[in-house]
Structures are given as structure tokens and as C-alpha cells.
Amino acid sequence: MNADIEKQKRALRDALPALEQPVAQAEGLPAFVYTDASWFEAERQALFAAGWMAVAFKSDVPEPGSLVPVEIAGWSLLVTRARDDTIRVFHNLCPHRGMKLAAAPKTQCSGLTCPWHAWTFDLAGKLLSTPNIGGPGVRTQDGFDRDGHGLREVRASVWLDVIFVNIDGRAPALDDYTRSFRQRLADFDFERTAQSDLAYEYDYACNWKIAIEGGIEDYHIPFVHPQLGPGGRFFAEYGDDRHVGIFCRRTVEDGKRRFLDVAQGAIKPLPAFPHVPDSGEVEASLIMLLFPNLFMATVLDHSTVSIIVPQDAGRTRYRRRFRLVEPAATGADYAATRARLLDGWISVTSQDGPVWGEVQRMMTQRAELGFRSAFSAHWESAIHEFQRKVAYKMLGETPPPRVREVRAAAE
């Protein structure tokens, strides 16, 4: 570990007593954890490599014979869908001299060829051909083990059409890793849903943690997203060390109007999840992070599934897809409804972008002033818990028990 990281970890440990205060008195993480390149490199190993990181959607490799390169948190990966329909993930480098193998998605291919020396691999990672390795026209050489020079595979698994990887290979099985997260979503019957054709991506000029923190509080809604109208009764959601978020209770009628007001046009309303009553108050939104980078916002009639893609200490990409209760996900008679839904979410995203970017730009001044953020106990308990999770994971420690501070009030 280099000296800078050692120094930064000591500074983080010094910051813990203030972070561990009750929410209303707590002070947030120091500014360097949002800006420093060496700290970002340490996060790559401690936070992203050590768990299950979302890297792609199954729709990125839509059919056998597909591949897509992925750049995320400093890793260059290659997702493939072989002829037997098996999805695999590899490090996107040739085992010969380390050349990047693929720079763009492909479909209907049987393999890939290194652009430097033309070594060829199938989509299961097997090395098929080594042209001229033994001289002009000679594809073999004495002592070379072709079977030992296939692509380096990364442990991968799929849940809810999201492809995850575990870089260090030591995390529990994905089914175990996601258990508490899935249990919290159990009321929403995702077996009745499908990924729709809706998709968009957005580049934020901010650290990945700012992008997460901006999504797990509703404090800013009336000021940044006034078109969303009034909220409801707000609660923080803490899981085990793998998820955190917020949920809100409001009437069914208000919940259905929040992103899609069907009264504004002659469009077909989306079908709600089966457990949603016809009227009355209900848990109308559940917004959760599966640590470190899968973000889901689930409401009465749809769920957004977003992969948060850290690019470096100050840049983050959101890749968002939508799951709708069938037949709304694919039915032609819901096309106008889906288009309106997409427009609503893009509007929210574009409103967040400048705010989060400005927060990132002010981090240098925050560091100069020794400024650490405060929290609203009513609205930002989930952010406080997220920052605790980050701090203790980076220190390799188990956080001390915390009395849950759930606050609720009518807006």
C-alpha cells in the first residue's frame, strides 16, 4: 500500500467519530474520498473487486454470437454470449502481449481475433489459432501450450437480466449476496415483468458516490424536480452491508401520477404490480442500491434498473433500463406510454446532472476549508448509512452496531 493511501486511511479513521454521531449531529466523509485518484484506485480493490459488480445487461449481448466490451472502474472487460447461449466475462486483453481484443460490440460472430498478431479465440475463451507463431505459415511451436493461453475468465453470474462479475473471485454466490436485497423487493413480482425497449445513458461529471447519494434522498425533489409534485411519508431503508436506500408511502393515485400523468394524454395506463391495491396508501416507491453499483427505483407500475459505471474519480456514467409488468414491456399498444415514461425519467436525470457536477467541482474548496457535509435526519439518514458502509469497507472493518433512526412525516 502506498504512503498516500496509508495517510488517507488514517485521515478517514480520524473522521469516524464525527461520522458515527446521530444523523442530525454527524459530519460526512472528507472531500478527498470524492476527488483523489489514488483513493479511487483503492476503492477499485476494496469495494468493486471484492463484491459482485454489475457490468452489463443481457440485452447488451442479445443473441448467441454476441460480444460487448465494457469499461468500468478501471477494468476493461469483455462480455460474450457463446453459441450454446452461455454468458461469460473475460478480461479484454490478449494473453499473448496484452493487446485489447475488442473495441466495439459485435453480433453474429463465432470468435474474435487480436488486431496485433491475429491470435484467434472462440466466445468461450478458448485459443483457436496462433498464426505464424513458429515462423511464416507455422501455427505451432515446440513447448507452447495452447490450452494454457485462453482468455482470462472473470467469475460472472446473472440476476434480473443484469450481468455481474466478482473480480477477486472470493465473494459468496450471487444468490447469497443478493438475498436481503431480493427479499426486500419480494412484494414486487418481477416474474411478471420484462425488460422493455426503453433505455438511456447519462454521463455525470461527478464521483460515483455523489451519484448514489443524490438518488437516495427525496429532500431535493421540490427544488430540483418540481414537476414530480408532492411526495409522501418518507423512510430510510438500511439492509445488511450490501444494500441501502429509501422508501416512501403515498396514495395509489399520487404514486401513479408521480412519473406518468395519464390524464395529460390519451395513452394507455401501465399495469401495476399485482400486489398494488386499487386505492389507499401503499409503499409507492422503493429506491435501493445493491452495493456497490446496482441502483433500482421500483414504483407501482415499473422499475428502473441502473448500472452505475465509475469511470474515474470525477466521472460516472448511468446506464438505465426499465422493467414493466407485461404486456406493457413489449406490447405495441403501450408504445406511447413507454415513450412518455422515458421522457419523464430523462427529464429527472438531466435536472440532476448540473447539480451533481457542481457539487463535484466544489470539492476542492471543501477540502481547503476542511468542510464536511451535514445531514437532515428527516431526509438523509440513508446517505449517512451509505457513507458509513463506504468508510468501514475501505478500512476493512465491521461497523459498530447502530440504532436505526427511522423518521417519518407527512409532507
Side-chain angles (χ1 to χ4, degrees), residues 1-23 25-51 53 71-75 167-168 203-217 219-220 241 244 289 291-293 295 308-318 352-376 380-400 402:
M1 184 181 301
N2 66 46
D4 286 343
I5 294 300
E6 291 276 15
K7 181 179 178 180
Q8 289 168 340
K9 288 196 172 185
R10 288 194 297 270
L12 179 59
R13 188 175 301 282
D14 290 342
L16 281 181
L19 182 63
E20 280 296 332
Q21 295 299 308
V23 181
Q25 292 83 47
E27 296 181 358
L29 292 171
F32 71 80
V33 307
Y34 298 92
T35 61
D36 190 84
S38 60
W39 185 261
F40 179 77
E41 289 300 311
E43 287 182 333
R44 290 180 63 239
Q45 301 303 323
L47 304 182
F48 289 94
M53 176 173 58
E71 302 287 333
I72 184 168
W75 283 283
I167 298 287
D168 72 6
D203 289 321
Y204 291 105
C206 68
N207 184 268
W208 66 278
K209 295 184 290 299
I210 291 175
I212 290 171
E213 292 170 8
I216 55 174
E217 54 96 342
Y219 192 3
H220 71 286
D241 67 340
V244 65
L289 171 79
F291 208 93
N293 73 322
F295 197 79
I308 297 168
V309 183
Q311 297 176 297
D312 56 35
R315 296 184 304 137
T316 303
R317 173 171 291 175
Y318 249 60
D352 283 327
V355 176
W356 298 356
E358 194 62 34
V359 171
Q360 181 71 27
R361 284 188 287 275
M362 295 301 294
M363 281 291 174
T364 300
Q365 187 167 334
R366 287 174 62 167
E368 290 173 347
L369 296 173
F371 171 87
R372 291 170 61 185
S373 61
F375 302 97
S376 162
E380 296 172 324
S381 184
I383 296 177
H384 182 230
E385 180 61 20
F386 169 70
Q387 292 193 10
R388 291 179 75 245
K389 283 177 165 55
V390 169
Y392 284 102
K393 285 176 181 291
M394 288 301 295
L395 294 172
E397 298 177 6
T398 301
R402 177 184 174 195

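Basis for what follows: all heavy atoms, side chains included, without hydrogens, waters or symmetry-related copies.
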My understanding is that only residues two or more places apart in sequence, or in another chain, count here; which of them pass side chain to side chain donor-acceptor pair (under 3.5 Å) with [X]?
X      : value
Gln360 : none
Asn207 : Lys209
Gln45  : none

Just wondering, do [Y] and [X] contact through their side chains at under 4.5 Å, heavy atoms?
X      : Y      : value
Met394 : Trp39  : yes
Pro400 : Tyr392 : yes
Ser38  : Gln8   : yes
Tyr219 : Glu380 : yes
Leu19  : Leu29  : yes
Ile72  : Asn293 : yes
Val33  : Phe40  : no
Ile167 : Phe48  : no

Under the salt bridge (Lys or Arg N to Asp or Glu O under 4.0 Å) definition, can you give me all pairs with a residue in residues 28-39, not counting sequence neighbours? none

If a pair satisfies salt bridge (Lys or Arg N to Asp or Glu O under 4.0 Å) and one of its residues is in residues 363-372, list it, with sequence neighbours excluded. Glu27-Arg372

Checking [X] side chain against [Y] main chain: does a donor-acceptor pair fall under 3.5 Å?
X      : Y      : answer
Arg317 : Asp203 : no
Thr316 : Pro310 : no
Glu6   : Lys9   : no

Does a salt bridge link Glu385 with Arg388, judged by any charged N lying under 4.0 Å from a carboxylate O? yes

Is it true that Lys7 and Asp4 have a side-chain N and a carboxylate O under 4.0 angstrom from each other? no

What about Trp208 and Tyr318, are their ring centers closer than 6.0 Å? no

Step by step, would you call Trp75 with Glu71 a side chain to side chain donor-acceptor pair (under 3.5 Å)? CA-CA 6 Å; Trp75 283 283; Glu71 302 287 333; over 6 Å; no

Would you mind writing out the side-chain donor-acceptor pairs for residues 10-17 within the sub-3.5 Å range, not counting sequence neighbours?
from	atom 1	to	atom 2	distance (Å)
Arg13	NH1	Glu397	OE2	2.7
Arg13	NH2	Glu397	OE2	2.7

Test log, rule salt bridge (charged side-chain N to carboxylate O under 4.0 Å, His left out), inputs Asp241 and Lys393: CA-CA 9 Å; Asp241 67 340; Lys393 285 176 181 291; 3.6 Å; yes

Reported [atom1]-to-[atom2] distance for the pair [X] and [Y], which is rounded to 0.5 angstrom:
X      : Y      : atom1 : atom2 : result
Thr364 : Leu369 : OG1   : CG    : 11.0 Å
Ile308 : Ile212 : CD1   : CD1   : 4.0 Å
Gln21  : His384 : CD    : NE2   : 8.5 Å

Identify the two heavy atoms, one from [X] and one from [Y], that lie closest to each other, and give their separation to 0.1 Å.
X      : Y      : answer
Gln387 : Ser373 : NE2-OG, 4.4 Å
Cys206 : Ala211 : SG-N, 4.0 Å
Ser381 : Val23  : OG-CG2, 3.8 Å

What class does the angle between the rings of Phe386 and Phe291 fall in, given that below 30° is parallel, 30 to 60° is tilted and above 60° is perpendicular? tilted

What verdict does the side chain to side chain donor-acceptor pair (under 3.5 Å) test give for Trp356 and Glu213, after you've listed the backbone C-alpha separation in whole Å, the side-chain angles of each residue and the deciding distance to 0.1 Å? CA-CA 10 Å; Trp356 298 356; Glu213 292 170 8; over 6 Å; no

